[in-house]
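Chain letters run A, B, ... following the sequence lines, proteins first and then strands; every chain starts at 1. As a basis for the values below, the full set of heavy atoms in this structure was taken, side chains included, without hydrogen atoms, waters or symmetry mates. On a predicted model such as this, the values are computed, not experimentally measured, just so you know.
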Amino acid sequence: MSTITRRRFLEATGVAAASVLASPALVRAQGKELVMLGIWPFTGAFADVGPLPDRGMKLAIEEWGNKVIGRPIKYITRDDETKASSATRRMEEAIDSENAKVVIGPWSSGIALACTEVAKRRKVFYYFSGGTEDIAGKRCHRYAFNWAASPYTAMHVVVDNYMKLNPSHKRWYLFVNDYAFGWSVEKYTREAGQHHGIEFVGSDRMPLGTREYSGFVSKAAAAKPDVLCLLNAGQDVLVSIREAHNFGLAPKVAIVNSWGVGTEDFLQLDPKTRENFWVGTNAYYGANTPVAKKMVELYQAKYNAPPGYAPCAAYGMTRLTLRAIEKAGSAEPADIVKALEGWETQDWPGKLSVNAKTHQTVRDYFLLRCKKPDQMKHQFDFADIVAVSSQPLMPDSLNECKDIGSL
Amino acid sequence: MNLSLLAGAILNGLVTGMLYALMGIGLSLILGLLNIPNFAHGVLYALGAYVMVSGTKAFGFVGGALAALVAVAVLGAVIETLGVRRLSRVHPDYTLLLTFGLSLILTESIILVWGPVGITSQPPALLAGSVDLGVTLYPKYRLVVMVVTAVLVLASYLFVTRTRYGAIIRAGIEDKDMAAALGINIRRVFTVTFAAGAGLAALGGALMTPVRGLLPTMGLDILPFAFVVVVLGGLGSLPGAILAGLLVGVVQSLMTAIWPPGADASVFVLMTLGIIARPQGLLGQR
Amino acid sequence: MSADTILRTDGLTCDFGALRAVNHVSLDVKGGTLHSVIGPNGSGKTTLFNLICGEVRPSAGRVYFEGREVTGRAPHDLPHLGLARCFQRTNVFPKLSVYENVWAAVFARRTPGVLGCVRRAGEFSDVDADARRVLADVGLAARSEARAETLSHGQQRALEVAVALASSPRLLLLDEPTQGLAPEATVQMTKLVQSLVGRYTILLIEHKMRIVMSISDRISVMAFGEVIAEGTPDEVRDNRDVQRAYLGARR
Amino acid sequence: MRRVALIRFVLLVAAIVVLPFCVRPVVASEICIFAIAAMALNLIFGYTGMLSFGQATFFGLAAYTAGLMMIHWHAPLLAVLAAGTLVGGVAAALIGYVCIQRVGTYFIMLTFGFNQMLYFIAYKWTAVTGGDDGLPGIPRPPFAVGPLSISLDSSLRYYGFVAVSFLLAFYAMKRIVDSPLGVIFRAIRENPGRAAAVGYDVKRYKWLAFTIAGAFTGGAGVLYSMMFGIVPLESISWIISGDIVFMVLIGGIGNLYGPLLGAAAFKWLSEAISVVWERWPLILGVALVLVVLFLRGGLVEAFTRVRDIVAGGGPRPEPDEPVSVPDAAESQARP
């Protein structure tokens, strides 16, 4: 090949490259459209969850008429495949190609810890709701917020209120999913348990996605606990409960799922296996506040079932973000961050505030007790709300977010 | 570890082990006869479970299980005739790719038909609850599953070793060309074997629904273990697959009782040591 | 052992389970000769080759090559010692070109180490020259760019011989080079083998008696794993045991 | 013949230059990274005939090594790249030594078994690897040689670095398959028994191929660790091993350009479709089945078929390039 053709070729490539560069993405970036990215698991281990927060997020944006501060909202989603690598790649790709400025999701704590790194580096607004304390703790930064109650508060609400009603249940056995989420909630369950003289007669850590719980249930049964406490997530919860019933452990022994999703789990469980089942959750559709009531009504009309934690969380995060944008009068990530920091307001599920030092959302947590089949008034009448509380707050000394950093 | 816990762990191991053996037999026959590492074996198991759940609603528990067996076996026959057979003359790596593609398609189809959300199912009322075995309490349903899978495993083994058709299958595993030269319609044997392997996997999935629940990706959870069983037992060896299945099941279950995080890893350590020490597998001749 | 013995086997024995495939075989192949091994099917000829070439471990007995014991040496050591073989079933590298088949065999005798492999294959001009000479020798020069699997059966057999010749052996073991060949191709192959006589010491397994009788210097006759007779073609032809065993078994 | 090779190489460079403008730079980087890993597998699978289902072992080990070096020592870019490549190679030498003692399905399952064990160690050894959460907070050091220092912060710049690394790796791989090793590896793939009979210590060469592949895969793992500032646990999981295998199969085995095409097709397909439809694996599966049933030489064959049609027929070149022959013919023609 001669030099001339080679040079020509390189020139040609350069021109082609430049023209591609100047195309849609950049043009769009200069437009007024606000791109909000929902990153949810549509495939992989949490494939069953993905569509639910997607509904919630859509609902909030629709409620705003697909517009905020006069700018049209473009809602896009990406599949995180329940894998950190895919989540980060697609998040970064969406920031590059769609100019996404607001990112909400994903569902898994482990993956969120990867996404928060991208948000930090790419300086986009990031909202997550989950059980790892690290988003608003050890790995905190200015752009990331956690919507779910802090695991400290949540576990105290569950343990304190459960013990108030069942003071004699002092022998607890723990099933813990072996990742960020599980460790966080285990730590605070034990911490809360100390105040009530609870004896943790045993605890097993199993990988997320374990399908054979029979060994653990036999072990638990041998320890003769008063309470089987599930600190796991997704299908693991359901498999544990089913096995506990198969082995005759439940309903004699109470099952407490301290960080549950509520509705979606209930729907998958036979009413009989819900007997003596207690659930701590960030969102229950029975919440008695105006925002919650309206949302539940809209959701139920559309999907014929009340929302569980996942749609409520996505709805709540999106709603709060949109309100923060209105408050700031700007959709720039830095402005949204400043608008949220230290804000006290009413939203899903009720009165809430955002801790400026840690970006932890301080809000109510629920403890539910499932109804017996004959007590249910209709098919969705799953449980009584035993307690709703945002107390106690996590002492500053326990939070590992010592410096949230700068914008 | 106390006695009750040990007994429970071993019983659990035998239940899982029988399931592994059931999967392993089908996989082993398909690998031995058709020379296909059937990557879709896991999803056929999952499909069995899903058909079971729908079938139970229409035809009851036994009817559901039969529906799963028949539907998936037919699917297996179709896969063999329309897909695998076309690739009989090319490198086996392509069949690996084909079965991988099929497993993606079938997994996603399960999601489209039954939804991504998991399903739980209960054992039939007759078999609910547990019985006291003296050393430990044990769910009735699991005991029944153990017996039923054991019977299936034994029946498959006897079929292959004691019947004329089984002799043909064994001849095919030894030497395909010779079997064909003896005037056997080896192609039909291939189809039947693939269908039977698929059916066994589906039946395994169907029987395990009340034990393990349903999730579209459940096939991928079990597939690696099925392969471990085949390799550890010795390629093409049915007694090997049965022995390895039980061994893997019990080791996994005991490990769960001793050190839960190491349960799955112990299986792979077992397999690796097995291949290094006995290249032909536990009971393989080659 | 006489001075010009190149290969000697000493009581070579091989058992497969209860079956004794080769029973106390002692051969003595003289340098520069063509020594044939004949015998009915299943008499243990190929197993004998496999024992000599290290593919199968003998149950008893020893193999000496040029006075050095090579019993149980790995197959890949033998070409480096000067011993190369052809297989009964055509056994080449089907998807490599004819040239590459031979090139690989020539190159095997050189041990360039890992660093030598940094150069391009084409840069080894001496290997290239050797490979082309061997191809010309067996009459495949014109097909050198073709893939081995596209050759006719006769040409593949010739390639099989070429691959063995490529390592410039001092002893060549040929296992039925004319097996399965059409009459025309058989003639060609016989010519090829004849052309090698004198240049190489050859140990040949062959079924076709006419060929064996016409080209061999010495013949060993095997039956049921044992050598039942040995001598010049004439001696063997006249041996009664041979006639009985050989012709009897063939019927 | 040399001309053809040159044109091919120029086309390759052109494709690499255009790539980040056709797909997003992040996706382009990942394509190149996985192309290196696929290229390595192609060496042992396509050229030497050993299907490894455990390449993530070396990918992940190198990624963790690189991540830890950068987090704890702030090691410079090139040192990290060298260390990761070394770790990949050494690990492959150790594990490979055991694996190559067996063939066929047993070999596959051994590579898979070791992969599972190392995955398990990475999963449990959270103090070092971060376990299921991954190893976060990895900086992306600048490319620095002497006084020259180029920041790689933007996606495009990082792609530039990845692309250059890929081209270097490609060149190195081409030299390997063009060298006598290439012929020996293919001879072993075709007929290990015969390769031994002509004098090659088959196990030694298999071991060598496995080790070289491990080193390349390690390099790819290092590049991967810097992509998102995190080494996720799945970088050492069998999912990655499987992806690499399918990239090689899709692209067409035993061909130098196959892995790049396979990686590009695999990543691009999954990215493009996943944005459109959340059930994208279904389409991927259908595409795979169609390729297998109707287009078995992989994308390389599709390419040549299209070219033949465009060029008006003519004999189809062998998908397996006879690498040494043209060069040999040429060298003979030279004085």
So what's closer than 4.5 Å to chain A heavy atoms on [X]: side chain, backbone, both or neither?
X       : answer
L19(B)  : neither
I119(B) : backbone
Q252(B) : neither
V15(B)  : neither
T107(B) : neither
P123(B) : side chain

How are the rings of [X] and [Y] set to each other: parallel, tilted or perpendicular (split at 30° and 60°)?
X       : Y       : result
Y50(B)  : W114(B) : tilted
Y141(B) : F61(B)  : perpendicular
Y303(A) : Y299(A) : tilted
F100(B) : F39(B)  : perpendicular

Counting only heavy atoms not in K302(A), do more than 12 fall under 6.0 Å of its NZ?
-> yes
Check: Y309(A) ring centre within less than 6.0 Å of W107(A) ring centre = yes
Could you tell me which portion of [X] (side chain, backbone, both or neither) has an atom closer than 4.5 angstrom to a non-hydrogen atom of chain B?
X       : answer
T210(A) : neither
Q268(A) : both
R205(A) : backbone

What residue, out of [options], has the most heavy-atom pairs lying under 4.5 Å from chain A?
options                            : result
P139(B), G213(B), G8(B)            : P139(B)
P210(B), A263(B), P216(B), S121(B) : P210(B)
D221(B), T217(B), L215(B), L11(B)  : L215(B)
I111(B), V211(B), T16(B), I222(B)  : V211(B)

Using a 3.5 Å cut-off and no angle test, enumerate the donor-acceptor pairs between side-chain atoms of residues 251-261 of chain A and protein atoms at least two apart in sequence or in another chain.
none

With sequence neighbours excluded, tell me which residues meet ring pair (Phe, Tyr, Trp, His ring centres under 6.0 Å) with F216(A).
-> Y213(A)
Hey, which of E264(A), K272(A), K219(A), M206(A) has the most heavy atom pairs under 4.5 Å with chain B?
->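 Ranked by heavy-atom pairs under 4.5 Å with chain B, first place is K219(A).
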Which atom of N12(B) lies closest to which atom of S253(B), heavy atoms considered | CB-OG, 3.5 Å
